[in-house]
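Remarks on the structure that follows.
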Amino acid sequence: MTRTIANGILYIGADDKTQDLFESQYIIPDGMAFNSYLVEGDKIAIMDTADASVADTWKENLLEALAGRTPAFLVVHHMEPDHSAQIAWVAEKFPEIEIVASAKALQFLGQFFEGKEFRTRAVKEGDTLELGGKTLRFFTAPMVHWPEVLVSFEESGGVLFSADAFGKFGALSESGFFADEDDDWACEARRYYFNICGKYGLPVQTLLKKVSALPVKVIAPLHGPVIRKGLEEYVNLYNIWSSYGVETEGVFVAHASIHGGTAEAAEKLADILRAKGCPKVAVSDLCRDDMAESVEDAFRYGKMVLCASTYDGGLFTPAYNFLHTLQMKAYQKRRVALVENGTWAPMAAKVMTEMFSQMKEVEIVGTPVSLKSRLHGSDIPALEALADAILK
């Protein structure tokens, strides 16, 4: 599929609806879009390639868009293999093509394609690439989410090629080609952001500041729909996410329960929170639900209650893995409360407290509720007090 997104700028990417996992870890029930573009001036620039899984479709789209013409440049915004897998093929197909990328990306080029010879041009912050009627201006975006990343701005059409920023999970055939056709862009974009880029809030903030003064009319990411309307809404969400702000007022209740007792307490606590007027209560079973969605909700809400069983004298594995992932993704600026369970020697609260203490600006509120095997009527007042503490 090729499609015009602005005058002289074509989409040539491809969907993959066969993959079950993105980066071999994130569930993608609606597949994945691997976006690529063609910028047509007097000279033609290919904007990134695509994943090996969609190689045949991407090549067909490229050749259809070229219609016998020869591209002068291949711009590489990001060297991760889902965007760079076809570089060697392009260089062999068009021997005179020049690969335009950051110096760090060109270093990575040799690591991914050992022994291959390429014509290259390193660009840095503020450099331009003149195509004749089209001008690409480059901005560095290190650690969004790799160190070599560039974004580029096509000045005549106001198109920002944003690399992995503003991406989302899902094939375009499922979500809609444009973001305004997507029934719920934020849902999978949020899950994508916090699990792929969440650790790198400061670099994302830096990038947002760099491009804030540009007259952007279209955002063309490497994954997910092209954004053409209401750009301020999407930028505002990215500003909230990358500054670790609170997107939705409410409480996220996450539980890891071995035999059901801890889960029962978590559900009871959720009912108490709702009864006390909490505007939104989201509940997740860390043993069964998608971990990436739980991470997403932990960042979405400003408050979280983590309920977990004791296991092997420590913390039940799903809860431990969840907290470890939050540590990796720079979880911060949040209020949390704890519920533990243990038949003879409860230890979960101690481990959770230690793990949260290693995170930035995370405040543990209230007195942790300690259950003995199951939820008992005598535990309800403690849950009520914990709900008051987290809602305060």
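Every heavy atom of this structure was used, including side-chain atoms; hydrogens, water molecules and symmetry mates were not. As the structure is a prediction and not an experimental result, all values here were calculated from the model.
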Hey, what do you get for CD1 (Ile46) to CZ (Phe73), rounding to the nearest 0.5 Å? 11.5 Å
Roughly how far apart are Lys17 NZ and Ser53 OG, rounded to 0.5 Å? 14.0 Å
What's the separation between atom CZ in Phe169 and atom CD in Glu174, rounded to the nearest 0.5 Å? 15.5 Å
Show your working on side chain to side chain contact (heavy atoms under 4.5 Å, CB included) between Lys268 and Glu264 and close with a plain yes or no. CA-CA 6 Å; Lys268 180 60 177 177; Glu264 180 186 2; 5.7 Å; no
Strictly by modelled atom types, are Ser243 and Lys333 linked by a side-chain donor-acceptor pair under 3.5 Å? no
When rounded to the nearest 0.5 angstrom, what is the spacing between NZ in Lys124 and OG in Ser102? 12.5 Å
Is it the case that Gln19 and Asp16 place a side-chain donor and acceptor less than 3.5 Å from each other? yes
side-chain hydrogen bond (donor to acceptor under 3.5 Å, both in side chains) between Ser173 and Asp15, intermediate numbers included: CA-CA 7 Å; Ser173 59; Asp15 283 348; 3.1 Å; yes
Do Leu269 and Val305 have side-chain heavy atoms sitting under 4.5 Å apart? yes
With a 6.0 Å cut-off on ring centres, are His223 and Phe22 close enough? yes
Quick one: pull up CG in Leu383 and CG in Leu375 and give me the separation to the nearest 0.5 Å. 6.0 Å
Can you tell me if Asp82 uses its side chain to pair, donor with acceptor, with the backbone of Asp51 under 3.5 Å? no
Taking the side chain as everything from C-beta on, heavy atoms only, tell me whether Glu80 gets closer than 4.5 Å to His145. yes
Does the pair Arg119 and Glu98 meet the rule for a salt bridge (Lys or Arg N to Asp or Glu O under 4.0 Å), with working shown? CA-CA 5 Å; Arg119 295 165 56 89; Glu98 193 171 6; 5.4 Å; no
Above 12 or not: heavy atoms from other molecules or residues under 6.0 Å from NZ of Lys350? no
Would you sort out whether Lys276 and Glu384 count as a salt bridge (Lys or Arg N to Asp or Glu O under 4.0 Å), showing the intermediate values? CA-CA 9 Å; Lys276 290 181 178 292; Glu384 294 273 359; 3.1 Å; yes
For the pair Glu363 and Arg334, evaluate side chain to side chain contact (heavy atoms under 4.5 Å, CB included) and give the outcome as yes or no after the intermediate values. CA-CA 6 Å; Glu363 178 190 2; Arg334 296 295 187 269; over 6 Å; no
Going through the distances and angles, do Leu129 and Leu131 end up as a side chain to side chain contact (heavy atoms under 4.5 Å, CB included)? CA-CA 6 Å; Leu129 183 66; Leu131 302 178; 4.1 Å; yes
Under 3.5 Å, side chain of Arg228 to main-chain N/O of Ile219, donor-acceptor pair present? no
Can a donor-acceptor pair be found, under 3.5 Å and without considering hydrogens, that links the side chain of Gln332 to the backbone of Met359? no
Walk me through it: do Leu109 and Thr120 pass the test side chain to side chain contact (heavy atoms under 4.5 Å, CB included)? CA-CA 10 Å; Leu109 190 65; Thr120 63; 4.2 Å; yes
Is the side chain of Glu181 donor-acceptor paired with the backbone N or O of Phe178 at a distance under 3.5 Å, no angle test? yes
Ile44 side chain reached by Arg69 side chain, heavy atoms, under 4.5 Å: yes
Looking at residues at least two apart in the chain, or sitting in another chain, which of them share a ring-ring contact (aromatic ring centres under 6.0 Å, His included) with Phe252? none
To the nearest 0.5 angstrom, please state how far the CD atom of Gln25 sits from the CG atom of Leu21. 8.5 Å
What do you reckon, is CD of Glu114 surrounded by more than 12 foreign heavy atoms closer than 6.0 Å? no
Any donor-acceptor pair under 3.5 Å linking the side-chain atoms of Thr128 with those of Arg137? no
Would you check if there is a donor-acceptor pair between the side chains of Thr49 and Trp58 at a distance under 3.5 Å? no
Counting only heavy atoms from other residues, nucleotides and ligands, does the tally under 6.0 Å from CD of Glu354 exceed 12? yes
Less than 3.5 Å apart, any donor N or O on the side chain of Ser309 or Thr262 sitting next to an acceptor on the other? yes
Is the count of non-hydrogen atoms from other residues, nucleotides or ligands lying under 6.0 Å from Tyr320 atom OH greater than 12? no
Should Val218 and Glu154 count as side-chain neighbours, where that means a heavy-atom distance under 4.5 Å? no
Take the angle between the ring planes of His83 and His78 and call it parallel below 30°, perpendicular above 60°, tilted in between. tilted
Step through the shown structure and confirm whether more than 12 heavy atoms of other residues, nucleotides or ligands are within 6.0 Å of NZ on Lys59. yes
Taking the side chain as every heavy atom from C-beta outward, state whether Lys134 and Glu40 have any pair of such atoms under 4.5 Å apart. no
4.5 Å side-chain heavy-atom contact, Glu247 and Arg190: yes
If you count the non-hydrogen atoms of other residues, nucleotides and ligands that lie under 6.0 Å from CG in Asp183, is the total more than 12? no
Centroid-centroid under 6.0 Å between Phe161 and Tyr37 rings: yes
Please list, chain by chain and in numerical order, all residues satisfying ring-ring contact (aromatic ring centres under 6.0 Å, His included) with Phe316, sequence neighbours excluded. Tyr311
If you draw a 6.0 Å radius around CG in Asp271, do more than 12 non-hydrogen atoms from other residues or ligands fall strictly inside? yes
Heavy atoms from other residues, nucleotides or ligands near CD of Glu361 exceed 12 (cutoff 6.0 Å): yes
Less than 4.5 Å apart, any side-chain heavy atom of Leu237 and any of Trp185? yes
Side chain proximity check, Val339 to Leu371, heavy atoms < 4.5 angstrom: yes
Run through Phe194, Tyr200, Tyr193 and flag the one making a ring-ring contact (aromatic ring centres under 6.0 Å, His included) with Tyr238. Tyr193
